[in-house]
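Data first, discussion second: the structure below is written as structure tokens.
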Amino acid sequence: MKLNSPRGTADIYGEDIKYRDFITGCARKLFHTFGYNEIITPAFEHTELFSRGIGEGTDIVQKEMYTFRDRKGRSLTLRPEGTAPVVRAILEKNLLSQKVPLKLFYIGNMFRYERPQKGRMREFWQVGVESSGPDNPLMDAEVIWLLNLFFNNLGFRDLNLLVNSMGCPDCRMDYVVYLKEYLKGNLPGLCAECRSRYEKNPLRIFDCKVPECKKIMEDAPKIGGYLCGTCREHFLKVQGYLNELGIDYRIKHNLVRGFDYYTRTVFEVVSGKLESAQNALGGGGRYDNLISQFGGPDTPAIGFAVGIDRTAMLMKQSGIGYKDPLKGPRFYMVSLDEGSYDYALKILRVLRETGAASDINYTVRSIKTELKNALRNGYDYMIIIGENEAADRTVTLKSLDTHKQSIMKFEDFNDEILKITGNGRS
RNA sequence: GUGAGAAUAGCUCAGCUGGCAGAGCGCAGGAUUGUGGAUCCUGAUGUCGCGGGUUCGAGCCCCGUUUCUCACCCCA
């Protein structure tokens, strides 16, 4: 039997873990300062939650869901996104009765059945926030601010923040009439795909990459010009607050996002540098009708999701490092002969019980080999224990950085380690 | 779901028109017995992704399949 992970999944280990811990650590810390609390929801839900929430006509629901039946015949689906599950939890646990606005964030794996390629896996990780309560444009600005600051804190400097308003269902309906009127005369110039979109969802034609379609869409009416009074005012206020916060953003009139539930403000963070076609690092928007659509109180809400995998990928590509909270001096305990292991173990005990990251050689080899080993594995100190040390109850501590080594009494070793690691009580 | 390319040692890869399975790096041991990444010597390691077919003979040709990579679609 050939063992390999299923298509589109990956094992994450080594340095990748450091990047991810850094990303999720930054998220937890920053989201906390904005007043968000973490929520963990199940990896799978009833299928209906997604088909109704995301929209029956969307690609995700049509062809990208991992749907299966359990032993009682219930249709379940591995979550393809985080918003619908959070909304479900909010309603099920009646969280809105405890606190409004309700600000939650999540970190979790998502699943979409797609052809894998760079920056797009079948299992991928997202961190996201959902804020339900007032439809105050201040909330829109705060959420966009949070997204922006998040990437800033990670160390990114040249990402593009795109913002748009899709309007409420009312003004969008009006707009689509004008858009279709414009497109009617240009139908023959559009690609086959877009001609079918014309009926189903003309807004999506803005996403088409065929040059002819792009050209036609350049002159198409923009939704910004057709927003109703309240939506226009809302969007203007959002922009005003963003300006007030000094946030560098661009209005992209053709920014249209793929889930049916989005209303009004939508936004996206993209990289012009990402060495892949998947350049969207994160995005989100307002969904004022989703909660009521699921039978909850009429509660507007807004949120975003960030792709952890893509973010880590771009960090590596851009040479952005991570901070490792576990970083500290590491010790390599080397016993030069079998007989010294008893004594070496006592020393290892001191190291580990004072909180010093340490390992021991499990195979007796030449000191030269061990030295090479220690250097290659990035240890900071080597502790050498042979017949001499075991007999004299001493410890030879060698700094691999300064090349200096010293011999001390076993009784003094504990204090010496505390001095090096700074782990002593203060 | 559509299209293109790839899969050979732990890693990166070579392998001619079909004729004994290879290199570099890494790994293990050593160069007069306990100390610096060098150098030299020696050594181990393969279901050539998997399954069929053609052939006297297949890593190489043909078919299927799985996985990976890239693009499309869509998205994070």
Side-chain angles (χ1 to χ4, degrees), chain A residues 1-10 23 54-55 57-65 79-83 107-128 147 151 191-194 196-197 201 204 207-210 255-259 262 267-271 274-284 303-314 332 334-337 340 363-379 382-390 396-405 407:
Chain A
M1 177 182 169
K2 172 83 176 172
L3 293 175
N4 56 272
S5 76
R7 185 169 167 81
T9 64
I23 292 167
I54 301 170
T58 59
D59 273 33
I60 288 187
V61 172
Q62 291 269 318
K63 56 179 198 184
E64 294 176 6
M65 294 209 303
R79 58 181 171 197
E81 57 102 39
T83 301
I107 296 169
N109 46 352
M110 308 293 159
F111 307 84
R112 290 182 203 169
Y113 191 96
E114 300 176 275
R115 279 282 269 276
Q117 66 187 77
K118 198 177 188 71
R120 197 184 63 191
M121 299 291 275
R122 289 182 170 182
E123 180 188 22
F124 59 100
W125 288 74
Q126 286 188 334
V127 43
L147 178 64
F151 284 112
C191 68
E193 183 85 21
C194 288
S196 76
R197 282 170 172 157
N201 192 351
R204 295 226 65 87
D207 285 346
C208 190
K209 306 215 166 60
V210 177
L255 178 61
V256 184
R257 294 183 53 82
F259 303 146
Y262 282 123
F267 49 96
E268 221 170 66
V269 168
V270 298
S271 159
L274 206 53
E275 289 166 15
S276 95
Q278 277 66 45
N279 67 345
L281 290 173
F304 67 72
V306 169
I308 295 177
D309 318 82
R310 284 184 190 175
T311 302
M313 193 192 304
L314 184 62
Y332 188 42
V334 173
S335 180
L336 294 177
D337 57 277
S340 300
T363 318
V364 170
R365 287 184 295 191
S366 76
I367 190 165
K368 189 164 195 164
T369 306
E370 293 296 4
L371 194 52
K372 283 186 190 173
N373 216 347
L375 291 164
R376 197 187 46 228
N377 289 308
Y379 289 100
M382 188 158 129
I383 290 152
I384 303 159
I385 297 303
E387 288 173 358
N388 302 343
E389 287 84 355
T396 298
L397 177 67
K398 180 183 180 68
S399 161
L400 298 173
D401 179 36
T402 65
H403 294 214
K404 285 182 189 148
Q405 72 181 49
I407 300 178

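Here is the naming used below: chain letters follow the sequence lines, and residue numbers restart at 1 for every chain.
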Restricting to nitrogen or oxygen on both sides, can you table the protein-nucleotides 28-34 of chain B pairs closer than 3.5 Å?
{"residue": "B:A28", "atom": "OP1", "partner": "A:Arg365", "partner atom": "NH1", "Å": "2.9"}
{"residue": "B:G34", "atom": "O6", "partner": "A:Glu387", "partner atom": "N", "Å": "3.4"}
{"residue": "B:G34", "atom": "O6", "partner": "A:Asn388", "partner atom": "N", "Å": "3.1"}
{"residue": "B:G34", "atom": "O6", "partner": "A:Asn388", "partner atom": "ND2", "Å": "3.1"}
{"residue": "B:G34", "atom": "O6", "partner": "A:Glu389", "partner atom": "OE1", "Å": "3.4"}
{"residue": "B:G34", "atom": "N1", "partner": "A:Glu389", "partner atom": "OE1", "Å": "3.0"}
{"residue": "B:G34", "atom": "N1", "partner": "A:Glu389", "partner atom": "OE2", "Å": "3.3"}
{"residue": "B:G34", "atom": "N2", "partner": "A:Glu389", "partner atom": "OE2", "Å": "2.9"}

Using atom names, set out every protein N or O paired with an N or O of nucleotides 66-68 of chain B below 3.5 Å, distance rounded to 0.1 Å.
{"residue": "B:C68", "atom": "OP1", "partner": "A:Gly8", "partner atom": "N", "Å": "3.0"}
{"residue": "B:C68", "atom": "OP2", "partner": "A:Arg7", "partner atom": "NH1", "Å": "3.0"}

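A:Phe304 comes within contact range of no nucleotide atom at all, as no heavy-atom separation falls under 4.0 Å. Residue A:Ser399 is in base contact, counting any heavy-atom pair closer than 4.0 Å across all strands shown. Residue-level contact check: A:Leu375 touches the bases, meaning some heavy atom is under 4.0 Å from a base atom. Within the nucleic acid shown, A:Leu400 comes within 4.0 Å of at least one base atom, counting heavy atoms only.
Distance CD (A:Glu123) to P (B:A76): 17 Å, rounded to an integer number of Å. Between the P atom of B:C75 and the CD atom of A:Glu81 lies a distance of 12 Å, rounded to the nearest Å. Between A:Met313 atom CE and B:U69 atom C1' the separation is 13 Å, expressed in whole Å. Nucleotide B:A76 holds its C1' atom 5 Å from the CD atom of A:Gln126, rounded to whole Å. The separation between A:Arg112 atom CZ and B:C73 atom C1' is 14 Å, rounded to whole Å. Computed from coordinates, the A:Arg120 CZ to B:C70 P distance equals 11 Å when rounded to whole Å. Look at CD on A:Glu114: it is 16 Å from C1' on B:U69, rounded to the nearest Å. We find that CG of A:Leu255 is positioned 10 Å from P of B:A76, with the value rounded to whole Å.
Comparing B:U39 with B:A21, their P atoms sit 32 Å apart, to the nearest whole Å. Annotation: B:U12 and B:U69 have their P atoms spaced 13 Å apart (nearest Å). B:A14 and B:G34 have their C1' atoms separated by 43 Å, with the value rounded to a whole Å. On the P atoms, B:U8 is 14 Å away from B:G15, given to the nearest whole Å. Here the separation of B:A23 from B:A44, taken at their P atoms, is 12 Å to the nearest Å. B:A76 and B:U17: their P atoms are spaced 49 Å apart (whole Å). Distance check on atom C1': B:A9 versus B:G3 gives 34 Å, rounded to whole Å. Across B:C25 and B:U65, the matching C1' atoms stand 33 Å from one another, rounded to whole Å.
Within the 4.5 Å cutoff, the side chain of A:Tyr113 has heavy atoms near those of the A:Arg122 side chain.
If you check distances only, the side chain of A:Arg310 does reach the base of B:C75 with a donor-acceptor pair under 3.5 Å.
Legend: residues meeting side chain to side chain contact (heavy atoms under 4.5 Å, CB included) with A:Met121, ordered by chain and number and at least two apart, are A:Ala10. Residues passing the side chain to side chain donor-acceptor pair (under 3.5 Å) test with A:Glu389, sequence neighbours excluded: A:Thr396. Applying the salt bridge (Lys or Arg N to Asp or Glu O under 4.0 Å) rule to A:Lys63 yields the partners A:Asp59; only residues at least two apart in sequence or on another chain are considered. Residues passing the side chain to side chain contact (heavy atoms under 4.5 Å, CB included) test with A:Ala374 are A:Tyr332, A:Tyr379, A:Met382, A:Leu400, sequence neighbours excluded. Taking A:Arg365 as the reference, A:Thr363, A:Thr369, A:Glu370, A:Asn373 meet the side chain to side chain contact (heavy atoms under 4.5 Å, CB included) condition, with sequence neighbours excluded. Under the side chain to side chain contact (heavy atoms under 4.5 Å, CB included) criterion, A:Glu81 pairs with A:Phe50, A:Ile54, A:Thr83, A:Ala84, A:Pro85, A:Arg112, A:Phe259, A:Tyr261, not counting sequence neighbours. Checked against ring-ring contact (aromatic ring centres under 6.0 Å, His included), A:Phe124 has no partners two or more places apart in sequence or in another chain. Residues passing the side chain to side chain donor-acceptor pair (under 3.5 Å) test with A:Arg257 are A:Glu268, sequence neighbours excluded. Listed by chain and residue number, A:Arg79, A:Glu123 satisfy the side chain to side chain donor-acceptor pair (under 3.5 Å) test with A:Asn109 (two or more places apart in sequence, or in another chain).
Closest non-hydrogen pair, A:Gln126 versus A:Gly82, comes out as OE1-N, 4.3 Å. Closest non-hydrogen pair, A:Val364 versus A:Ser335, comes out as CG2-O, 4.2 Å. The two residues A:Val270 and A:Ala280 have their closest heavy-atom pair at CG1-CA, 4.1 Å.
By the 6.0 Å contact criterion, CD on A:Glu387 is open, its count of non-hydrogen atoms from other residues, nucleotides or ligands being 12 or less.
Among the nucleotides B:U35, B:U2, B:C70, the one closest to any side-chain atom of A:Arg115 is B:U2. Nearest nucleotide to the A:His403 side chain, out of B:C70, B:G36, B:A76: B:G36.
For the pair A:Lys63 and A:Arg257, both in contact range of RNA chain B, the more 5′-proximal nearest nucleotide belongs to A:Lys63. The nearest heavy atom of RNA chain B to A:Thr402 and to A:Tyr113 marks one nucleotide each, and the one closer to the 5' end goes with A:Tyr113.
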Secondary-structure notation, RNA chain B, from Watson-Crick and G-U pairs under 3.5 angstrom (| other strand):
(((((((..((((.....[..)))).(((((.......))))).....(((((..]....))))))))))))....
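Phosphate proximity of B:C70 to A:Lys118: present, with a side-chain N or O under 4.0 Å from OP1 or OP2. The phosphate of B:A71 has OP1 or OP2 within less than 4.0 Å of a side-chain N or O from A:Gln117.
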